[in-house]
Protein chains: 2
Amino acid sequence: MNYFDHAASSTIYPEVLDVLTQTMKDDFANPSAQHILGQNLQEIIEIFREDFLKAIGANKNDSFIFTSSATESNNTVIRGLSLIAGDVVLYSKADHPSVTVPVEFLAEQFNVTLKEIILDTNATIDIEKFSSFLNENVKLVVLTHVNNQSGVVSDIEALAKIVKEKTKAHVHVDAVQSFTKINFKLSSDIDSMSFTSHKIGGPKGIAGLFLKHNHKVQPLLLGGSHENGMRSSTLSYPLIAGFHKAMKITMENSTQSFSKASQLSEMIMAKLSQMISTIQFPFKSTSPFIVSFVLPGISSDIILRHLETKEVYIASSSACSSKIPGFNPSLFAMNIPEKFHKNFLRISLGSLTTEKEVEALIREFLDVWDNLKHMRGR
Amino acid sequence: MNYFDHAASSTIYPEVLDVLTQTMKDDFANPSAQHILGQNLQEIIEIFREDFLKAIGANKNDSFIFTSSATESNNTVIRGLSLIAGDVVLYSKADHPSVTVPVEFLAEQFNVTLKEIILDTNATIDIEKFSSFLNENVKLVVLTHVNNQSGVVSDIEALAKIVKEKTKAHVHVDAVQSFTKINFKLSSDIDSMSFTSHKIGGPKGIAGLFLKHNHKVQPLLLGGSHENGMRSSTLSYPLIAGFHKAMKITMENSTQSFSKASQLSEMIMAKLSQMISTIQFPFKSTSPFIVSFVLPGISSDIILRHLETKEVYIASSSACSSKIPGFNPSLFAMNIPEKFHKNFLRISLGSLTTEKEVEALIREFLDVWDNLKHMRGR
């Protein structure tokens, strides 16, 4: 199998699988239990929490909350700020639905005003226009570090700085596609950040939310006051331990994985450009783990089906946008003309992706492209 | 080890562990992905969903939503009904915090009126008083099938019937402690129900929410429209498969496990009563999986610490209430005098608990009781 959909969900590290198997078996107690079995697990969770804070460069008095998904992390912040009519939210329609849908809910439900971050032709943020929207009414700015479809990397430190110079808005960053992959320095201008485990070789069902010490976010899940009152629910020690292990592994190999992915993604772009004259790479400043392109003339779904028969797996658009037929609002916000939305493809790499796998991908891709010659229109 | 805290979190079935290990390794794709790896997983999830609907006696057009915890399931319903000022919610302070805290939030935030379900001296619901609170302003009634601290089983079918005779209220049932353990018939009077995996030998981090086909619940997690729009987030196929396996095993052995637990819990009550004259069993109509009692004269925490040294684990109060010092509002609602809140103990059995383990528990418990003679007040 040649799996190139790591941005949707990555394969799990063997070491993480070992941690999960062992902890699911042995560490079954409820970490909130009063007996020593529970207390011991809660203590280790606190050590893991500190490790996560350290990994992102946060302080000990900041919070790292374990949630079930990045969707939950994003919803917790966006819905938890209790914004009211007249408040302005700055966001991008190019972002993941777990950001755009709750933001648009605020407008519908509470008459919050939405301002859209404008992207330039390469799907990067137009700083001048971004800056022009900032005023004292802006209460929340939602940014994405690495866009899940385009792979575009935003300079979140610089953007957060501009926000704080002109407003007192809460700055939230979705860092799902960049966490442990793309280097960044957590500045004091960033108030919250979302992360997830299953994009970095960990299990699904566990994720993280960084909250700066002075945040004003109200919890979404109320109950037994777990996670310092910020997220009630029995803590899943095994999933947290698996997430922690995946974070440790990816952090340790981060520089090396980045170089490797850069080399492999350049190889993909070079070879495909060389052989397919009509291919378009519309984005710049992208993560090396995501190679997205437009292939005019043939539906991306047909390419997907043909690649599947060769056990090669890539994506035609975000797994989380797959329910939108035809028109893709994220791609539209990225200035991809509507007629090309059906021709969009994404190849995404994992930290363990090898040159051999990439060579096989290119070979099979070009083979499919060649075989579909008769079907290609314009 | 003699583990008797299954009501807080159960040990995991070996067969479930096998499912988890295999699926975490092999079934890593995102079930929302457009390629066949994702589509295949989504198809199996739909089969699992039907199995859950069948298991609880629901119809095919009803919904079974996979959530991350029973806390999330309860919050989804309680917060998702969009109740407004003037609406009345009927609930019990004896219930789990994941029910009481979101209900009390509705009162604070939206001026919803709360009416408390009154319990009689055995902590069972006083039907006459319950019925007297019902009128057209009641929009939500929250019931618990088996109370997590007392183990008291409520006749949810009869109660839901009374509600529907007098109101159009939504009837929500927390069935976390009864699911697959206590027999019940899902009547059409019940609108929603919460379940969780980690109390029935499955993994933590996955849970369920039954919603009747004509429900009016708004989703809590917004984003990629997973779960028919009712719960956005990447579905964790391995956790769902593990939960499904645990449900299958417990359902198949349900009658046998109930008989066994009945025999064992009666044995515990008989032996402890026989040897400890001051022991009080304040509850009636209880689940055989939960044996709760008051032991005047010595703090339950001291007993816990001594039992721990013998690798025997029981609970002094719900794991989810452990953050409330001294006074326990649930026990108070159950008519347990405040002076006894520190003397409350809970022994909870799993479906695999053996007679030998129970004998060891009784022996060690009586030994600790005997050794603490010098410390006992009264």
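On a predicted model such as this, the values are computed, not experimentally measured, just so you know.
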Visitor: Hey, which of A:Ile12, A:Thr21, A:Thr67, A:Ile36 has the most heavy atom pairs under 4.5 Å with chain B?
Guide: A:Ile36

Visitor: Under a 4.5 Å heavy-atom cut-off, does chain B meet the side chain of A:Asp27, its backbone, both or neither?
Guide: backbone

Visitor: If you measure from NZ on A:Lys245 to OG1 on A:Thr23, what distance do you get to the nearest 0.5 Å?
Guide: 11.5 Å

Visitor: For B:Ser68 and B:Glu72, does a side-chain donor sit closer than 3.5 Å to a side-chain acceptor?
Guide: yes

Visitor: If we define contacts as heavy-atom pairs under 4.5 Å, which of A:Ala29, A:Pro238, A:Pro31 has the most with chain B?
Guide: A:Ala29

Visitor: Measuring heavy-atom distances to chain B, does A:Ile78 have an atom under 4.5 Å in its side chain, in its backbone, in both, or in neither?
Guide: neither

Visitor: Identify which part of B:Leu307 has an atom lying under 4.5 Å from any heavy atom of chain A, answering side chain, backbone, both or neither.
Guide: neither

Visitor: Side chain of B:Ser73, backbone of B:Gly208: donor and acceptor closer than 3.5 Å?
Guide: yes

Visitor: Can a donor-acceptor pair be found, under 3.5 Å and without considering hydrogens, that links the side chain of A:Ser197 to the backbone of A:Pro203?
Guide: yes

Visitor: For A:Ser316 and B:Gln34, which I'm curious about, is there any donor-acceptor pair between the side chains at under 3.5 Å?
Guide: yes

Visitor: Identify which part of B:Leu221 has an atom lying under 4.5 Å from any heavy atom of chain A, answering side chain, backbone, both or neither.
Guide: both

Visitor: Pick one of side chain, backbone, both or neither for A:Leu17, based on which atoms fall under 4.5 Å of a heavy atom in chain B.
Guide: side chain

Visitor: With chain A, which of B:Ser69, B:Ser233, B:Ala207 has the greatest number of heavy-atom pairs at distances under 4.5 Å?
Guide: B:Ser233

Visitor: I'd like to verify something: which residue of A:His6, A:Met24, A:Met1 has the highest number of heavy-atom pairs under 4.5 Å with chain B?
Guide: A:Met24

Visitor: With no hydrogens and no angle check, do the side chains of B:His172 and B:Ser194 hold a donor and an acceptor under 3.5 Å apart?
Guide: yes

Visitor: Would you mind checking which part of A:Leu220 comes under 4.5 Å of any heavy atom in chain B, side chain (CB onward), backbone (N, CA, C, O), both or neither?
Guide: both

Visitor: I'd like to know if the side chain of B:Asn75 reaches the main chain of A:Leu222, judged simply by a donor and an acceptor atom lying under 3.5 Å from each other, with no hydrogens or angles considered.
Guide: yes

Visitor: With respect to chain A, which residue among B:Glu104, B:Lys25, B:Gln109, B:Arg79 yields the maximal number of heavy-atom pairs within a distance under 4.5 Å?
Guide: B:Arg79

Visitor: Looking at chain A, which one of B:Leu37, B:Leu239, B:Val16 has the largest number of heavy-atom pairs inside 4.5 Å, strictly under?
Guide: B:Leu37

Visitor: Among B:Tyr237, B:Tyr3, B:Phe105, B:Tyr13, single out the residue with the greatest number of heavy-atom pairs under 4.5 Å to chain A.
Guide: B:Tyr3

Visitor: Below 4.5 Å, heavy-atom pairs only: which of A:Thr71, A:Asp26, A:Leu304, A:Leu20 has the largest tally toward chain B?
Guide: A:Thr71

Visitor: Hey, does the side chain of B:Ser300 reach the backbone of B:Leu345 with a donor-acceptor pair shorter than 3.5 angstrom?
Guide: no

Visitor: Taking B:His306 for its side chain and B:Ile302 for its backbone only, find out whether a donor-acceptor pair lies under 3.5 Å.
Guide: yes

Visitor: Would you say A:Thr196's side chain and A:Val176's backbone share a donor-acceptor pair under 3.5 angstrom?
Guide: no

Visitor: Relative to chain A, which of B:Ser236, B:Ala70, B:Gly242 shows the most heavy atom pairs under 4.5 Å?
Guide: B:Ser236

Visitor: Regarding A:Asp5 and B:Asn30, do their side chains bring together a donor and an acceptor under 3.5 Å, going by distance alone?
Guide: no

Visitor: Checking heavy atoms, do the side chain of B:Ser10, its backbone, both or neither come under 4.5 Å from chain A?
Guide: backbone

Visitor: Check each atom of B:Ile206 against the heavy atoms of chain A and say whether the ones under 4.5 Å are side chain, backbone, both or neither.
Guide: neither

Visitor: If I measure from the heavy atoms of chain A, does B:Gln39 come under 4.5 Å with its side chain, its backbone, both, or neither?
Guide: side chain

Visitor: Counting only non-hydrogen atoms closer than 4.5 Å, does A:His198 touch chain B with its backbone (N, CA, C, O), its side chain (CB onward), both, or neither?
Guide: side chain

Visitor: Nearest 0.5 Å, what's the NZ-NZ distance between A:Lys204 and A:Lys199?
Guide: 9.0 Å

